[in-house]
**Student:** 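Just dropping this structure here.
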2 protein chains.
Amino acid sequence: MIVGQGRSNGQFTPCDLCPLRQRRGLRAFTADELAFVKEFKTDELRVDAGASFLREGTRSEYLYTVLHGWAFRYKMLDDGRRQILNYALPADMLGLQGALMREMEHSVEALTPLTLCVFPRAKLWDLYSRFPSLAFDITWLAAREEQLIDEHLLSIGRRTSLERTAFLLLHLFARAEESGLVKDNAIQFPFTQQHLADTLGMSLVHTNKTLKRLMLSRAVRWKDRVFEVVDRAALAEIAGEDVAPRAPRPFI
Amino acid sequence: MIVGQGRSNGQFTPCDLCPLRQRRGLRAFTADELAFVKEFKTDELRVDAGASFLREGTRSEYLYTVLHGWAFRYKMLDDGRRQILNYALPADMLGLQGALMREMEHSVEALTPLTLCVFPRAKLWDLYSRFPSLAFDITWLAAREEQLIDEHLLSIGRRTSLERTAFLLLHLFARAEESGLVKDNAIQFPFTQQHLADTLGMSLVHTNKTLKRLMLSRAVRWKDRVFEVVDRAALAEIAGEDVAPRAPRPFI
DNA sequence: GCACCCGTATGTCATAGTTAAATGCCGCCC
DNA sequence: GGGCGGCATTTAACTATGACATACGGGTGC
């Protein structure tokens, strides 16, 4: 395996025993589709937290689905300025751009220890030829990612720092909830304030101050690394809108 | 036709006589693909400048390709704050998110008088089943749009206002060049400073001042509504990077 | 136990960016 | 041709945010 600093983890989750299968909200496969996806997946990769396993400017031979853990997509400027584009949670797909195009135009880093299902781009044509439903799902996933980035761009471009901070936390909370990572309205988020800053397009210091203001609102509590949504309506009010429940979605 | 304020324009460009076909850089169709696309296109729509023919929150029954003119995708906040997400030029696809999902999550407005090829979402499954190459192209177009938005988010999040203004103008200029809209390094862009401001995530006034600073750099000239790139290398220097030539791309 | 490192927090000052208001230009109508 | 209205562009005053410097707390390794 030649993918960044990741390595095969010697454990392989068969697709029919995939824990993601049990999740409500994810489209079920037909038997034929499942059989194909089992064949499509050639490996399982474990990546250390902090490792960038997809690099801007490189060619990606694989498509990935997150099985466990969190990752984030990011772009750098020459002088080290970084913009985090989006986070990937279990069931999210990574590397599609690189699989379709000449080279990756963003990088992907593991935020936590990460387990990825590995799909070779060389088999993508097979998938498109034999399973239009899966091809449709891949397009759907790309369109969804675009929607998330559109929303994010609206935040960075037009919301105040407090609004956008509230919105991002609400959004990530909702997605973690969907992934079954939330208990009693609380979660230990794996990202630092610097990650938040780089996602919000703000400086670290200003992010810290904005978080403090948010905490003073009593909508959230963030103590001992545990983030708790105390009053979701109040948080949504600050954000300017709530995050709508997502319709059932595909994954591969 | 029930699409916003647009209307059928009584003129119909057959796909085999499509002017976009003559453009270098766009993938050619096989005879079979062309025959299918002729059938896929059911109408041609002309939209007045300023009309929003796709609205956030509505369901979109169609997919569109821009034949003539410029449009832009945008999202609004409740209080009227607007973020322009991206511009669409000839050969660009619009409405894919709405065609795939329950409803549109952004709106699309014609910047100039616009001519659109109309493709019904109801036939999308047919396309995916019979023409995996076209299905692949649609996914490619979605991924490309995502790339453009990623780049844009990097700009808004991390570049200074001067850098991001330079970058956006360079980017739009390069795309207009690809569309054959540029002559002698000059073009009459159809957008106002307010459009630029809403794209850059800046206020109108700050945009104006930033443009003035850019004009002082002598990299560009903008007089009598004609935008001219005088020194492309200097403009790219201010932007922080040049816009790479695009690989051949599909369109439908 | 101590030192170091990383993440979080705070105060001060500077400046990039916004708001409010003014000016310029163009098109339309009388 | 002149006046008016609307839109685009510009200027001056004010504020949200960035940058710098520093402090504090907790965890890890020696």
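Each chain gets a letter, A, B and so on, in the order the sequences are listed, and its residues count up from 1.
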**Student:** Nearest whole angstrom, please: distance from the P of D:dA16 to the CZ of A:Arg159.
**Tutor:** 19 Å

**Student:** Kindly assign one of parallel, tilted or perpendicular to the pair A:Phe167 and A:His171, based on the angle between their ring planes and the thresholds 30° and 60°.
**Tutor:** parallel

**Student:** How many Å lie between CG on A:Leu211 and C1' on C:dG7, as a whole number?
**Tutor:**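 In whole Å, C:dG7 C1' and A:Leu211 CG are 13 Å from each other.
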
**Student:** Do any side-chain nitrogens or oxygens of A:Asn208 fall under 4.0 Å of OP1 or OP2 in C:dT8?
**Tutor:** no

**Student:** Please check the phosphate of C:dG17 (OP1 and OP2 only) for any side-chain N or O of B:Ser203 closer than 4.0 Å.
**Tutor:** no

**Student:** Which of the following nucleotides, D:dG18, D:dT10, C:dT10, is nearest to the side chain of B:Gln193?
**Tutor:**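 Given the options D:dG18, D:dT10, C:dT10, the side chain of B:Gln193 is closest to D:dT10.
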
**Student:** May I ask you to check whether A:Phe191 and A:Tyr87 place their ring centers less than 6.0 Å from one another?
**Tutor:** yes

**Student:** Between B:Thr210 and B:Val205, which is nearer to the 5' end of DNA chain C once each is assigned its nearest nucleotide?
**Tutor:**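 Going by which nucleotide is closer to the 5' end, it is B:Thr210.
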
**Student:** Between B:Arg81 and A:Glu163, does any NZ, NE, NH1 or NH2 come within less than 4.0 Å of an OD or OE carboxylate oxygen?
**Tutor:**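 A salt bridge links A:Glu163 with B:Arg81.
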
**Student:** C:dG7 phosphate, OP1 or OP2: any side-chain N/O from A:Gln194 under 4.0 angstrom?
**Tutor:**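 For A:Gln194, the contact criterion (side-chain N or O under 4.0 Å from OP1 or OP2 of C:dG7) is not met.
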
**Student:** Rounding to an integer number of Å, can you tell me how far A:Asp198 CG sits from C:dT8 P?
**Tutor:** 13 Å

**Student:** Please assess A:Gln193 against A:Asn208 for the test side chain to side chain donor-acceptor pair (under 3.5 Å), listing each intermediate value before the final yes or no.
**Tutor:** CA-CA 7 Å; A:Gln193 288 186 10; A:Asn208 176 270; 3.0 Å; yes

**Student:** May I have the distance from B:Lys212 (atom NZ) to D:dA8 (atom C1'), rounded to whole angstrom?
**Tutor:**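 After rounding, the reported distance stands at 15 Å.
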
**Student:** Can you tell which of C:dA20, D:dT9, D:dA19 lies closest to the side chain of B:Thr192?
**Tutor:**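 Ranking C:dA20, D:dT9, D:dA19 by closest atom to the B:Thr192 side chain puts D:dT9 first.
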
**Student:** Roughly how many Å is it from CG in A:Leu196 to C1' in D:dG18, rounded to a whole number?
**Tutor:** 17 Å

**Student:** Between A:Tyr74 and A:His106, is the ring centroid distance below 6.0 Å?
**Tutor:**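 When the ring centroids of A:Tyr74 and A:His106 are compared, they turn out to be at least 6.0 Å apart.
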
**Student:** At under 4.0 Å, does any side-chain N or O of B:Ser161 touch on OP1 or OP2 of C:dA16?
**Tutor:**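 No, no such contact exists.
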
**Student:** Heavy-atom nearest nucleotide on DNA chain D for B:Leu204 versus A:Lys209: which residue maps closer to 5'?
**Tutor:** B:Leu204

**Student:** With the side chain of A:Thr160 defined as its heavy atoms from C-beta on, choose the nearest nucleotide among D:dA12, C:dG17, D:dT17.
**Tutor:**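 So the nucleotide nearest the side chain must be D:dT17.
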
**Student:** Starting from P on D:dA8, measure out to CD on B:Gln188 and report it in whole angstrom.
**Tutor:** 14 Å

**Student:** Tell me: NE2 of A:His206 to P of C:dT8, nearest whole Å?
**Tutor:**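 Interatomic distance, NE2 of A:His206 to P of C:dT8: 17 Å.
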
**Student:** Whole Å only: how far is the CZ atom of B:Arg213 from the C1' atom of C:dG17?
**Tutor:**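 Value for this atom pair: 11 Å.
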
